[in-house]
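Numbers restart at 1 for each chain; the letters A, B, ... are given by sequence-line order, proteins then strands. The shown structure was predicted, so the numbers you read here are calculated from the model rather than taken from an experiment.
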Amino acid sequence: MRLGIARTVRLTFASFFIQTSWSFSSLQTLGFVFNLLSGARREHQQELQSIYPKIFNTHPYMASYIIGAILRTHDENSLTPDRIDRFILIAQTSFATAGDLLFWQTIRPALLLCAVILGLKIGIAGPVAAFIAYNILHLYHRIHGLCDGYEKGADVIYVLRSRRFTLVQRVFEFLGAFATGGLIALATTDFHALLIVPLCLIFVGLLFKRIASVIIIIIAIIITLAIVVI
Amino acid sequence: MIAIGAIILGSLMLLDKFAFGEFGISQPIMAGTLLGMVFGDIPSGILVGAGLQLIFLGGLPIGRDIPPDGPAAGIIACSVFFIARPGSSTGQSLALALLLALIASIVGGALEIMARRFNDRLFKNYKQHPACVTRNHLLGLLTAFIRNVCTIAPFLLIASLVPIPEQFPSLSPEHFIIIGIGIGSAHALYLFSKRATFPYIVIGGLCGLALLVL
């Protein structure tokens with residue numbers, strides 16, 4: 001059973017708005033309902049509106065997998081509301097963890113590090129290449145996630161074991177690590193560059209002690225002021 | 001006039017942070033490149049964007065956590081730099097851009113919390129009128145845009161209306177990048193240092209050193 005091109009395009013466009021009305025009490029719920037309605041068949045729309053006022057939150061790029069699966073269950077009437085609830089509960093947490101780890105903690109920082117190094121060394125081609133690579137990857141998950149979710153239904157959760165997650169994460173971890181070392185290429189050869197060492201040690205200490213990010217920025221402001229004045 | 005244009009452009013770019021798409025265009029290095037194109041100086045845009053990107057590399061929007069607003073800081077730093085530069089030295093405008101951007105990141109984080117609290121009303125409206133899903137949901141775009149304008153406008157107006165005094169301290173591009181590398185490498189080590197990745201950090205460091213010396 002396939003989703004169809006028109007529905008895939010509509011749902012992909014709607015997925016760009018998944019977090020538009022994100023709030024502390026509802027998280028992504030409104031975005032989730034909006035996405036379901038944009039892909040639901042006309043006869044299911046009323047039913048979907050009344051079934052899903054519950055709280056929903058997952059990684060924005062991974063929501064497509066769950067939305068695809070839910071649409072399939074409605075098109076086929078294959079799961080009871082209770083089982084759909086249980087599926088959403090498990091899937092949103094699993095995909096959120098996988099997405100945070102894959103995109104926020106690995107792919108995005110690795111590509112941004114590459115963009116910074118290449119941008120400063122060779123110019124505009126660096127950021128443009130990183131931007132294209134990043135968008136290919138997240139659009140792949142958004143579009144393919146919808147199709148996979150619709151094709152596999154509630155079994156879509158097993159794609160988390162697939163190579164598109166494990167292998168890609170490993171590759172970008174190595175790329176990120178390589179770019180971490182490569183940051184030294186941006187320094188200068190004069191003695192001021194030695195300032196990098198204490199700065200790095202201070203902030204590594206703060207990060208590993210899990211100090212609040214606002215305090216880290218305040219410390220960055222104080223250090224910047226000191227460097228500017230001296 | 002330039003400041004107003006930059007406020008509107010910056011606010012639209014900042015929608016990418018969470019309200020629309022999340023394509024990465026609001027990340028400082030991308031925003032810096034784009035603003036550099038708009039202001040006709042791409043290398044300077046990349047320089048300012050790169051420095052801010054390194055400082056905010058680790059701002060991870062995981063779960064309900066709202067870190068300081070790195071994307072807003074990047075957009076503000078680049079815009080302030082380009083707006084302030086004609087009336088002062090490069091070093092002075094860079095120092096002003098960095099300081100205002102760091103302050104703006106904290107202000108932006110606080111305003112984001114307010115905007116998301118305001119979005120609670122949209123959800124309450126939806127619960128009362130379930131048929132108005134699209135209207136209530138897409139009103140979030142307006143909330144986000146207003147929040148973006150409120151974050152960016154004060155800093156760009158200060159930069160365009162208040163001239164930088166002559167005795168204002170200066171920050172050279174080299175020192176700016178050194179601050180960025182110091183904080184950025186800490187973030188990168190925090191994210192990528194594991195036993196399995198250690199050899200890659202060393203190889204990357206050696207390649208970086210070779211590139212630096214050559």
Side-chain angles (χ1 to χ4, degrees), chain A residues 16-17 19-26 29-31 33-34 37 49-50 53 60 100 104-105 109 112-113 115-116 119-120 124 127 131 134-135 173-174 176-189 192-193 195-196 199-200 203-204 207-208 213-214 217 220-221 224 227-229, chain B residues 18-24 27 29-30 33 42 46 50 53-55 57 60 62 67-68 95 98 102 105-106 116-117 119-120 122-123 126-127 130 133-134 137 140-141 169 171 174-175 177-179 181-186 188-192 197 200-202 204-205 207-209 211-212:
Chain A
F16 298 150
F17 296 89
Q19 302 216 94
T20 300
S21 60
W22 199 101
S23 70
F24 289 107
S25 63
S26 69
T29 311
L30 211 44
V33 177
F34 172 78
L37 290 179
Q49 272 180 21
S50 55
D100 287 346
W104 292 167
Q105 291 188 29
L112 288 174
L113 274 175
V116 165
L120 289 173
I124 191 169
F131 180 73
Y134 183 72
N135 278 287
E173 270 176 6
F174 293 149
F178 183 78
T180 302
L183 272 178
I184 198 71
L186 304 179
T188 47
T189 44
H192 287 122
L195 199 60
I196 292 170
L199 270 176
C200 180
F203 284 95
V204 162
L207 289 167
F208 276 97
S213 39
V214 173
I217 294 301
I221 293 173
T224 305
I227 291 172
V228 163
V229 171
Chain B
F18 71 93
F20 174 70
E22 300 190 65
F23 301 109
Q27 288 299 318
I29 180 72
M30 307 300 174
T33 309
I42 296 172
I46 291 177
Q53 186 66 71
L54 290 170
I55 293 171
L57 189 71
L60 307 171
I62 290 174
L98 180 57
L102 291 174
S105 72
I106 296 171
R116 291 183 177 202
R117 283 204 181 122
N119 283 350
D120 285 339
L122 301 178
F123 185 62
Y126 158 71
K127 276 174 133 178
V133 181
T134 308
H137 180 57
L141 275 178
L171 181 69
E174 290 78 21
H175 283 106
I177 284 298
I178 282 171
I179 295 171
I181 300 172
I183 302 175
S185 51
L189 284 172
Y190 181 70
L191 287 167
F192 295 114
T197 56
Y200 292 89
I201 298 177
V202 175
C207 293
L209 268 178
L211 209 61
L212 178 69

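- In this structure, the portions of B:Ile201 lying under 4.5 Å from any heavy atom of chain A include both its backbone and its side chain.
- The shortest heavy-atom contact between A:Ala187 and B:Leu212 is O-CD1, 2.8 Å.
- Of all heavy-atom pairs spanning B:Ala188 and A:Thr180, the tightest one is CB-OG1, 3.4 Å.
- Note on B:Gly184, B:Pro169, B:Gly24: by heavy-atom pairs under 4.5 Å with chain A, the leading option is B:Pro169.
- The two residues B:Arg116 and A:Phe24 come nearest to each other via the heavy atoms CB-CE1, 3.7 Å.
- Closest approach of A:Ile217 to B:Ser105, counting heavy atoms only: CG2-OG, 3.5 Å.
- Contacts between B:Ile42 and chain A at a heavy-atom distance below 4.5 Å involve the side chain alone, from C-beta outward.
- Under the 3.5 Å distance criterion, the side-chain polar atoms of A:Thr20 are matched with a main-chain donor or acceptor of B:Ala19.
- Only the side chain of A:Ile227 comes within less than 4.5 Å of a heavy atom of chain B; its backbone N, CA, C and O stay farther away.
- The residue among A:Gly119, A:Ala220, A:Gly176 with the most heavy atom pairs within less than 4.5 Å of chain B is A:Gly176.
- In this structure, chain A has heavy atoms under 4.5 Å from both the backbone and the side chain of B:His137.
- For a residue to count as touching a neighbouring chain, one of its non-hydrogen atoms must lie under 4.5 Å from one of that chain's; by this rule B:Ser185 touches chain A with backbone and side chain alike.
- Ranked by heavy-atom pairs under 4.5 Å with chain A, the first of B:Cys207, B:Ala95, B:Gly21, B:Pro130 is B:Gly21.
- Considering only residues two or more places apart in sequence or on other chains, A:Tyr134 meets the side chain to side chain donor-acceptor pair (under 3.5 Å) condition with A:Tyr61.
- Side-chain contact between B:Thr33 and A:Phe131: absent, with no pair of heavy atoms (C-beta onward) separated by less than 4.5 Å.
- How far CD1 of A:Ile196 is from CD1 of B:Ile181: 4.0 Å, rounded to the nearest 0.5 Å.
- Taking the side chain as every heavy atom from C-beta outward, B:Leu54 and A:Leu113 approach each other to under 4.5 Å.
- Of the listed residues (A:Ala179, A:Ser21, A:Ala185, A:Gly31), the one with the most heavy-atom contacts under 4.5 Å to chain B is A:Ser21.
- Considering only heavy-atom pairs separated by less than 4.5 Å from chain B, the leading option among A:Thr188, A:Val214, A:Val116 is A:Val116.
- Considering only heavy-atom pairs separated by less than 4.5 Å from chain A, the leading option among B:Ile177, B:Leu189, B:Ile183, B:Leu171 is B:Ile183.
- Looking at B:Ile178, both its backbone and its side chain come within 4.5 Å of chain A, counting heavy atoms on both sides.
- Heavy-atom minimum distance, A:Ile184 versus B:Gly205: CG2-O, 3.5 Å.
- With rounding to the nearest 0.5 angstrom, the CG atom of A:Leu195 is 13.5 Å from the CD atom of B:Glu174.
- Contact annotation for A:Ile124: both backbone and side-chain heavy atoms come within less than 4.5 Å of a heavy atom of chain B.
- Taking the six-membered ring for Trp and thresholds of 30 and 60 degrees, B:Phe23 and A:Phe16 have ring planes more than 60 degrees apart, a perpendicular arrangement.
- The minimum heavy-atom distance linking A:Leu112 with B:Gln53 is given by the pair CD1-NE2, 3.3 Å.
- Residues B:Tyr126 and A:Thr29 have side chains not in contact (no heavy-atom distance under 4.5 Å, counting atoms from C-beta outward).
- In this structure, B:Asn119 and A:Leu30 have side chains that are not in contact, with every pair of non-hydrogen atoms separated by 4.5 Å or more.
- Within the 4.5 angstrom heavy-atom criterion, atoms from both the backbone and the side chain of B:Thr197 approach chain A.
- When side chains are defined from C-beta on, B:Thr134 counts as touching A:Phe34, because their heavy atoms get closer than 4.5 Å.
- Taking OG1 of A:Thr224 as the reference point, atom CD1 of B:Ile179 lies at 4.5 Å (rounded to 0.5 Å).
- For the set B:Ile46, B:Ile55, B:Leu211, the count of heavy-atom pairs under 4.5 angstrom toward chain A peaks at B:Ile46.
- Highest contact tally toward chain B, considering only A:Ala115, A:Pro60, A:Pro127, is held by A:Pro127 [criterion: heavy-atom pairs under 4.5 Å].
- Heavy-atom distances place the side chain of B:Ile106, and not its backbone, under 4.5 Å from chain A.
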